[in-house]
Amino acid sequence: MTYSGSQLTAVDAPLLGVNIDHIATVRNARGGRFPDPVAAALLAVEAGADIITFHLREDRRHIRDEDVQRLKAHVPVPLNFEAAVTDEMLDIIERTAPEHVCLVPERRQEITTEGGLDVLGQRSRMQDACQRLARAGCRVSLFIGADPAQIQAAAEVGAPCIELHTGALANAWWDGDAAMLAHELDRLKAGLKLGRSLGLRTHAGHGLALTQNLPVGDELVKPGQVSSTALVAALPDVSELHIGHALMGHALFVGLREAIADFKAEAVIARRQASSN
Ligand code: PXP
């Protein structure tokens, strides 16, 4: 069965936040105005994206300030603004007033967001940021590892949501490391369960992909292999997935519209299968 457009929003599956950062990465490679991340966001919404996610990094390596303003002006679904916990970013978020914010750790030299926030080690800073953003009308999520102490701390500082970092799980999947994959999946499940028991809304993301994204000749591509997206989407406690890099890579082959439909269908089918078992 194929799923498209509104069929995909009607089922009990995690919402899909489409991260558009890498449209801006490609644009910036030539320093011009094309491809436009806002145009990509609009197409993503048409194709079934529930949320548009972007990360305004301190070095502006992909999304830029003027993109943020145009996203706010033109995108008809909730924006999920990812940012580091700095005064500059909190000011920009307050001015923009996106529906959702995901606070992330940021290190200048990293290629992507490598780990989760240390909420435990900076409780008062996190509490202040959560309060400030709540006053601006934003729903705040903290991007953390599936570590019970960090999850507990996130609840204590007043964040209504957490996004659990699936990077280690995704790497185990790409590497075909079954033992590590099982370990990371267990850790994620336990983290989600704890988060829910503390009254948090629980999201997941980072590095998630489809089986057709594996490299040619990869001995792991075999019938019945389950994608990292399906493994995570099947977990009943996941209410949102945020996916960027593999989805944009997939779009190079099949187009952005079909790439979004493929990731949504993967999540919907995985959740349906899990709930019927
Ligand atoms: N969630 C958060 C908080 C992120 O920082 C990122 C990467 O920007 C993602 C999800 C998406 O990760 P990926 O691009 O690997 O799918």
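Counting starts at 1 for both ligands and their atoms, in listed order. The structure displayed is predicted, hence computed values, not measured ones.
A salt bridge does not link R272 with D12: every distance from a Lys NZ or Arg NE/NH1/NH2 to an Asp or Glu carboxylate oxygen is 4.0 Å or more. Between R70 and D36 there is a salt bridge, since a side-chain N of the basic residue sits under 4.0 Å from a carboxylate O of the acidic one.
Residues M248 and L256 have side chains in contact (heavy-atom distance under 4.5 Å, counting atoms from C-beta outward).
Each of the following atoms of ligand 1 lies closer than 4.0 Å to a heavy atom of H242: 10 (C), 11 (C). Shown in contact with H245 at under 4.0 Å from a heavy atom are these atoms of ligand 1, numbered in order with element: 13 (P), 14 (O), 16 (O). Proximity to N19 (heavy-atom distance under 4.0 Å) selects the following atoms of ligand 1: 8 (O). Residue contact check: I243 has heavy atoms under 4.0 Å from atoms 16 (O) of ligand 1. Of all atoms in ligand 1, numbered sequentially from 1 with element shown, those under 4.0 Å from a heavy atom of E163 are 1 (N), 2 (C), 3 (C), 10 (C). For ligand 1, the atoms closer than 4.0 angstrom to any heavy atom of V104 are 3 (C).
Heavy atoms of G207 approach ligand 1 to within less than 4.0 angstrom.
The protein heavy-atom contact nearest to atom 12 (O) of ligand 1 is H206 CA, 3.4 Å. Given atom 16 (O) of ligand 1, the protein heavy atom at minimum distance is G244 N, 2.8 Å. Counting protein heavy atoms only, atom 5 (O) of ligand 1 is closest to E82 OE1, 3.1 Å.
Ring-plane geometry between F143 and H165 is classed as parallel, the angle between the planes falling under 30 degrees on a 0 to 90 degree scale with a further cut at 60.
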Stepwise side-chain contact (heavy atoms from CB on, under 4.5 Å) test for T202 and V238: CA-CA 6 Å; T202 45; V238 174; 5.9 Å; no
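Once rounded to the nearest 0.5 Å, the distance linking CG of D67 with CZ of R60 reads 10.5 Å.
Contacts between H165 and ligand 1 below 4.0 angstrom, taking non-hydrogen atoms only, are absent altogether.
Evaluation of the side-chain hydrogen bond (donor to acceptor under 3.5 Å, both in side chains) rule for E82 yields no partner, not counting sequence neighbours.
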Side-chain donor-acceptor distances from residues 98-106 under 3.5 Å, at least two apart:
{"unit_1": "E99", "atom_1": "OE1", "unit_2": "L79", "atom_2": "N", "d": "3.0"}
{"unit_1": "H100", "atom_1": "ND1", "unit_2": "R139", "atom_2": "NE", "d": "3.3"}
{"unit_1": "E106", "atom_1": "OE1", "unit_2": "H55", "atom_2": "NE2", "d": "2.9"}
{"unit_1": "E106", "atom_1": "OE2", "unit_2": "E58", "atom_2": "N", "d": "2.7"}

